[in-house]
Structure formats: C-alpha cells, structure tokens
**Q** 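Have a look at this one before I ask anything.
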Amino acid sequence: MNPALRSDLLTWYRLHARDLPWRNTNDPYRIWLSEIILQQTRVDQGRPYYERFTERFPTLKDLAQAQDEEVMKLWEGLGYYSRARNLLKAARLVQQTHNGHFPNTAEGLEKLPGIGPYTSAAIASFAFGQAIGVVDGNVFRLLSRLFDIDACIDEGKNRPVFQALANELIDKEVPGISNQALMEIGATICTPRPKCQKCPLQTHCLARERGTVDLRPVRKKRNKVKEETIDYLILLDGSGQMAIQQRAAQGIWAELFEPLHSAEHQVQPKLDQWHIDHRLTHRILHIRFQLCRLKTEKKPTNKHIIWVGADQRRSLAFPVPVLKAFAHWDL
DNA sequence: AACCCGGGGGG
DNA sequence: CCCCCAGGGTT
C-alpha cells in the first residue's frame, strides 16, 4: 500500500473532518448507539436522535432499564424500527451477561443483535483500536474508484475483496481515525456524484486516471418500487383524544400504532368506504409510501381501537412530514 | 442469494 | 417528479 496515500488521507481528515458528537468520545456505548442510528441513515437525520437518546439514556445501564415503548417513541420517524428493538435487546444482553461491558473485538461484537460486519468493525476500531477495516456503502464506493474495481459491490462473494483492501489501508497507529477518514471522504467527496477536484486522493485514484469514475461502483439493477396509498382517518373525540390501533406483528411498521385506516393494497383511495359518526371530529389524511411488497392485512376492527391524548407516549409509525402535519392533533 | 425493512436528498 | 442511497436479519 502506497504510504503517501495513507498520509494524504489522514492529513485531509485532520483538516476537514466534521465535528460530530460521537467522534468526541471513547465510550463504546455511545459509539455503538451512534452506529446503530446511522445505519442506512444520513448524519444530518441521525444526529438529533443521537442527542435525544444520550440525553435520556446517558449510560448503557439507563438504556437497558428502559421501557420498550419509550425507546420506540424516541425512535419514531427514523425508520427501520427493528433497529430500535435490537438496540434494546443488545443493551440488556450486554448489561446482564457481559457486566455492562461490550465485547472488545469485531468477532465478539458481531454476536450481538443488530450488529453485523460493518458495525462490529466500526465499534471495534473506534472504541477499542482494533485494526479492522470498516466497509460500509461509502467505503465500497471509494474503494471501487480508488482501485478501479469492477466487482459488483452487492454480491456477497465479492465482499472479501473490499474487506482486504480496507484492512490494508488502515494506519495501524490510529485504526479508528484511519477508518473514519475513509468513510468521511466517501460521505463528503467521493459521493455518488463525486467532487474529484476537492479529493485529497485524486492523484492516487485509478478510476480517475482511467476515466471510469462514473462506472464505479458496479451495482446490480434495482427492483422496481411499488407504491401504495393508505387513507388514514384522524378521528378525534370531544376531549381531543385520537383513535389509534396497533398494527399487525408482521409486515411494515410491525406492532406500531397508527390512526384508523382504509384497507391497504389499493391503488386509488376509496374515501366513500368510511362511515363517519359526525358526533366526532374527523379528517382524512392520505399517505403515499413506497415499498417493495406489502403483506395483506386485516381491516381495522373496533375492539382493537384505543383512544389516546396528544400527551401520551404511544409509538406511532408515520413518516416525519406526516407526523408534523398533526403533531398537535387537537387541531 | 434473494428479499424485507423506512425515510430522505438531489437533479 | 423520478431516481438514488444503504446494514442487518430472515428465508
């Protein structure tokens, strides 16, 4: 590995790294928390969640003792809710069976729920200084270009190729910083539409030399995304309570709470199916969302309906813009 | 290996 | 508006 490449990388990082709260700590708990929040999530979106979680649960012990509902509520709007469930599972597991100490190797960390190859390497290198490469989407893209790799990044059999390169690139003196630097370039410079003129590694970049930057990384074709529409009925009683129900245990937004809604699997909204009791305040809200496939679901039945006030801490399941639309549902 | 699981940003 | 992005778990 070219030593000048490593040196250029670290020099650039020390000058240009964003100041992020989880970079100012060595606490494995906070580093783990940040990594779970940042899975499939941009920094700007995840940061406020990190702030709220660390404020409410400053230590692993605090989180391990939390109620499931409160954690789900704090996760509301972030998506991929199984992350929150696994977060709590892992917190209790580490607290109870590891005496509150996270495993200090990637191999040990990967046994915890919600921690896979990327996250285990991230925690192991950031918190414990293990010299193992982090291979997330940013690093896949950066390595594909830097070494002009034509192996497909979303085929599992090619992962070892990228992992080996990431391992080689690590500066053994500062494994964590070195990994952070790679991801930081991927996130800010070597983006899908790269800013090569600003890149500290441009003189080392094989794809740039060969003019193949726009062909990297190589990726499979994506599945078409289906669109679904749900009509939500925002039903309020005289005291400002809203009717909600819990979703089914399987499928999207599993077990989260939501207002009453029309049957799913319909392309066009069918507003006339509602039989509205005009003694109650109501409004109908259309939500469009995208997903690949949606399992069939029973229609709402009255026996599952509960009424909650705006101050109660139920977990809802809406996309953030929709939540904002009736954050105060005593409209 | 294929599929499921949300939400947001940019052109 | 359409297209793009991305870890871990389950099947």
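Sequence lines set the chain letters: A, B, ... in the order given, protein chains first and strands last, and positions in each chain run from 1. This structure is a prediction, so every number in the text was calculated from the model and none was measured.
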**Q** Could you tell me how far apart A/Glu76 (CD) and B/dG8 (P) are, to the nearest whole angstrom?
**A** 12 Å
**Q** Return the value, rounded to whole Å, for the distance between atom CZ of A/Phe162 and atom C1' of C/dG7.
**A** 16 Å
**Q** Return yes when atom CD of A/Glu155 has more than 12 non-hydrogen atoms of other residues, nucleotides or ligands closer than 6.0 Å, and no otherwise.
**A** yes
**Q** Counting only side-chain nitrogens and oxygens, does A/Tyr80 get under 4.0 Å of the OP1 or OP2 atom of B/dC4?
**A** no
**Q** Please check the phosphate of C/dG8 (OP1 and OP2 only) for any side-chain N or O of A/Thr119 closer than 4.0 Å.
**A** yes
**Q** Does OP1 or OP2 of C/dC5 have a side-chain N or O of A/Arg219 closer than 4.0 Å?
**A** yes
**Q** Is the phosphate of B/dC4 approached by A/Trp253 (side-chain N or O, under 4.0 Å from OP1 or OP2)?
**A** no
**Q** A/Arg141 near the nucleic acid: base, sugar-phosphate alone, or nothing, with a heavy-atom cut-off under 4.0 Å?
**A** sugar-phosphate
**Q** If you assign A/Gly79 and A/Lys157 each to the DNA chain B nucleotide with the nearest heavy atom, which residue ends up on the more 5' nucleotide?
**A** A/Lys157
**Q** Let me know the distance between CD of A/Glu110 and P of C/dG7, rounded to the nearest Å.
**A** 14 Å
**Q** For A/Glu76 and A/Tyr81, does a side-chain donor sit closer than 3.5 Å to a side-chain acceptor?
**A** no
**Q** Indicate if A/Met183 and A/Ile37 have the same hydrophobic cluster label, given that clusters are the connected sets of ILVMFWY residues with side-chain heavy-atom separations under 4.5 angstrom.
**A** yes
**Q** Just how far, in rounded Å, is P of C/dG7 from CD1 of A/Ile115?
**A** 15 Å
**Q** Tell me every residue that passes salt bridge (Lys or Arg N to Asp or Glu O under 4.0 Å) with A/Arg14, counting only those two or more places apart in sequence or in another chain.
**A** none
**Q** Under 3.5 Å, is there a donor-acceptor pair linking the side chains of A/Thr119 and A/Gln39?
**A** yes
**Q** Rounded to whole angstroms, how far apart are CD1 on A/Ile37 and C1' on C/dG8?
**A** 16 Å
**Q** Would A/Arg83 and A/Thr41 count as having a side-chain donor-acceptor pair, cut-off 3.5 Å?
**A** yes
**Q** Select base, sugar-phosphate, or nothing to describe what A/Asp136 touches, counting heavy atoms under 4.0 Å on all strands.
**A** sugar-phosphate
**Q** Using a cut-off of less than 4.0 Å, is there contact between a side-chain N or O of A/Lys220 and OP1 or OP2 of B/dA2?
**A** yes
**Q** When the nearest nucleotide of DNA chain C is assigned to A/Asn86 and to A/Thr41 on a heavy-atom basis, which residue is associated with the more 5' position?
**A** A/Thr41
**Q** For the pair made of CD1 in A/Ile252 and P in C/dG9, what is the distance, rounded to whole Å?
**A** 19 Å
**Q** Taking atom types as modelled, is there a side-chain donor on A/Gln180 or A/Arg23 under 3.5 Å from an acceptor on the other?
**A** yes
**Q** Applying ring pair (Phe, Tyr, Trp, His ring centres under 6.0 Å), run through A/Trp22 and A/Phe126 and close with a yes or a no.
**A** CA-CA 10 Å; A/Trp22 46 86; A/Phe126 302 163; over 10 Å; no
**Q** Could you write out each protein N or O paired with an N or O of nucleotides 9-11 of chain B at a distance under 3.5 Å?
**A**
none

**Q** How many whole angstroms separate atom CD of A/Gln40 from atom C1' of B/dC5?
**A** 9 Å
**Q** Any side-chain donor-acceptor pair under 3.5 Å between A/Thr11 and A/Asp8?
**A** no
**Q** With a 4.0 Å cut-off on N to O distance, would you call A/Arg56 and A/Glu51 a salt bridge?
**A** no
**Q** If pairs are Watson-Crick or G-U with both distances under 3.5 Å, what is the dot-bracket string of DNA chain B, marking crossing pairs with [ ] and pairs to another strand with |?
**A** |||||.|||||
**Q** Grab the CD-P distance between A/Gln39 and B/dC5 for me, whole Å please.
**A** 17 Å
